[in-house]
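Let me begin by presenting the structure, written as structure tokens, before commenting on it.
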Amino acid sequence: MRNGGRCGGARKSRHPDWFGQWSRVPDGGVPRYDPTKPIRKQEAPLKPEYQARFEASMRDQDLGGMGLDMAYSCRPPGMPRMMSGVALMEFLISPGVTHILFDRNDYAPRRIYTDGREWPKIGIDDTTFPGYSIGEWIDKDGDGRYDELLVETRHVRNPRTWDQSGMPMADDDEGVIKERLFLDESNPAILHNEMTTIDNSLTRPWTVLKNYRRAPKVRWAENNCIESQAWITIGKEVYYLSGDGTIMPIKKNQPAPDLKYFNQVKK
């Protein structure tokens, strides 16, 4: 049927048109929490102990290491980093839940429940990298259609970093991420995400505005993080797997792996 199965014509949805494929609006830098500031100069309101860990992470990266960023291992980035625009996104909206799908295998889908449920009791062993999200649709102008999606996310699994610099988030699961998603009033191909993160690594809540752009032509490809994975973690050290199948150091004077469980050939 051309009427969507209804004799009187298809009923218009109250939900906004977020159909398609979304990517971050280019801003002259790599994906990061605050797109208005450079990757290593985010000016995050970090507590002193987390600032010290951040600086140590950058020093290690300057020497060739990974610092505190574990993305090399295909570990899921979790919230809020997964909304910084590394992966392409797709929104699937239904009355009781909105799904956000990503084109990377290390990004689990986000489920934003909009059915009015209460927060569940979740133990630390039940946390997930996307966290648990509850949302509410808002009709700001009273025209019968929703304009904004308000989302709160809790119970995000650790460890996490804000971005690839290794800037650390708190070691607990008490963080809260609040989002206000809405289309640009003059350009429906732009989606805004006003995000506020409340985290025990910070001295105050940190609010930024992220922007996504709808692709004029959609093409979904397969993006598997594990393909061509050349990094190997042994203990607290990260090594590189060379083309000949042997382990190489990534930093000058890096210690070799502990071989105590292997029989050493005596010369």
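All figures in this text were calculated on a predicted structure; none of them were measured in a lab.
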Discussion item. Please confirm whether the ring centroid of Y107 lies under 6.0 Å from the ring centroid of F129.
Written reply: no
Practice prompt. Assess whether atom CD of E185 is packed by more than 12 heavy atoms of other residues, nucleotides or ligands within 6.0 Å.
Written response: no
Worksheet item: Yes or no on side-chain contact (heavy atoms from CB on, under 4.5 Å) for Y50 and T203, after CA distance, side-chain angles and deciding distance?
Response: CA-CA 10 Å; Y50 287 93; T203 59; over 6 Å; no
Discussion item. Count I, L, V, M, F, W, Y as connected when their side-chain heavy atoms are under 4.5 Å apart, and connections chain through other members. Are L88 and W22 then in the same cluster?
Written reply: no
Worksheet, complete the sentence: When P76, P77, P31 are each screened for side chain to side chain contact (heavy atoms under 4.5 Å, CB included) with M82, the one that passes is P77
Discussion item. If the threshold is 4.0 Å, N to carboxylate O, is there a salt bridge linking R214 and D184?
Written reply: no
Worksheet entry | W162 ring center within less than 6.0 Å of F54 ring center | no
Worksheet item: T114 and L149: side-chain contact (heavy atoms from CB on, under 4.5 Å), yes or no, with the steps?
Response: CA-CA 9 Å; T114 56; L149 177 59; 4.0 Å; yes
Worksheet entry | Worked verdict on L46 versus R53 for side-chain contact (heavy atoms from CB on, under 4.5 Å) | CA-CA 10 Å; L46 292 173; R53 289 165 62 178; over 6 Å; no
Worksheet item: Just wondering, are more than 12 heavy atoms of other shown residues or ligands nearer than 6.0 Å to NZ in K178?
Response: no
Worksheet item: Can you tell if the side chain of R81 reaches within under 4.5 Å of the side chain of V86, non-hydrogen atoms only?
Response: no
Worksheet entry | Salt-bridge present (R117, D115; N to O < 4.0 Å) | yes
Item to complete: Considering non-hydrogen atoms only, spot the tightest contact between M79 and M169 and give its length.
Response: O-SD, 4.3 Å
Discussion item. Using a 6.0 Å distance limit plus a 45 degree cone around the ring axis, check whether R154 lies over the aromatic ring of W119.
Written reply: yes
Worksheet item: Would you call the rings of F182 and H192 parallel, tilted or perpendicular if under 30° counts as parallel and over 60° as perpendicular?
Response: tilted
Practice prompt. Taking the side chain as every heavy atom from C-beta outward, state whether M89 and M83 have any atom pair closer than 4.5 Å.
Written response: yes
Discussion item. Which residue is it: M58, E55, M167? I am looking for the one with a side chain to side chain contact (heavy atoms under 4.5 Å, CB included) to R40.
Written reply: M58
Discussion item. So that I know where these two stand, are W231 and Y239 an aromatic pair - ring centroids less than 6.0 Å apart?
Written reply: no
